[in-house]
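Following: one structure in structure tokens, then a few remarks.
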Amino acid sequence: MLKIEQHGPVTVFRMGRHVASRRWVLYEAHAFLIDDTMIDTGTIAVRNEWAPKLDGFRCSTIVNTHHHEDHIGNNRLFQDRFGAEIYAHPGALAFLEEPRRIGMQLYRRVVWNTPDPSRGTPVGDTVSTSRRSLQVIPAPGHSPDHICLYEPAAGLLFAGDIFCGKRVAYFRADEDFNLTLQSLKRLAALDIRTIYCGLKGVVEDGGKALKEKIRGMEELRDKALELRQKGLSPREIRRRLLGFENKMYTISGGHFSKQNVIDSILGKD
Ligand SMILES: [Zn+2]
């Protein structure tokens, strides 16, 4: 599935894989075009749907928010088609050049497929589109090489996967709770009207949504630490605060889990 919608100055590309039936999309990925600059390129799993829809688009620059396969999947397609320059955090570049280094579990290869290699250069403090300047904001936590892009005049935040909704539903095994919280706080200090999120797409009233997420994470952290003090095990804390694992746990073989959220809060002790 590839759907294209216009939202103000931003073209929104919504992608998803149908699983089991035509009705159920496992999870979605989004990429965005502002002026002549693509922010992320989605998943290679829908490459054949992209190709005929690119007529009329112009893209001279690609910025990857981080190296995950649902964000760099069509780098090569855009590089070949438009000769676009790719920019990313220095820590992401080796994954772009050799996507097998990402170390994707089976479910990720099935759902998103392995991207084709592409070549990027380190992103600076700003990215210039044909009409405006975007600020590059380091936002580690979801991954160490994660960046966001901020357009101050209209209050637009291209958030990659650092936001992903107002509630923390689950974490990947390698996500860092405290780093994510610090990054979200740094972003919340900006004047944000709209978040363009890798998972959720367009999130209006973005500054408020960010603050709500931060409040929820702080509450969750405080409760988890309190229960730990009382001697509850990490599993008991997860059950009490977040409930049972859901379908993401089953499908991902445990790579996505609620337990990962609690374990990251508690740290390794
Ligand atoms: Zn990601």
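Numbers for residues simply follow the sequence, beginning at 1. Whatever order the structure lists them in is the order used to number ligands and atoms, beginning at 1. As the structure is a computational prediction, the values presented were derived from the model and not from experiment.
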Tell me the side chain to side chain donor-acceptor pair (under 3.5 Å) pairs involving residues 213-225, sequence neighbours left out? K185-E218

Between the OG1 atom in T37 and the CZ atom in F158, the distance rounded to the nearest 0.5 Å is 9.5 Å

Does D145 have any side-chain contact (heavy atoms from CB on, under 4.5 Å) partners at least two apart in sequence or in another chain, and if so, which? H66, H67, H89, A92, F95, S143

Residue pair H30 / D40: nearest heavy atoms and the distance that separates them: O-CB, 4.4 Å

To the nearest 0.5 Å, what is the distance between CG on D70 and CG on N113? 11.5 Å

Would you give me the side-chain donor-acceptor pairs under 3.5 Å for residues 195-204, sequence neighbours excluded?
from	atom 1	to	atom 2	distance (Å)
Y196	OH	H7	ND1	2.8
E204	OE2	H7	NE2	2.8

Checked the Zn ion (ligand 1): protein N, O or S atoms closer than 2.8 Å come out as H66 NE2, H68 ND1, H142 NE2, D161 OD2

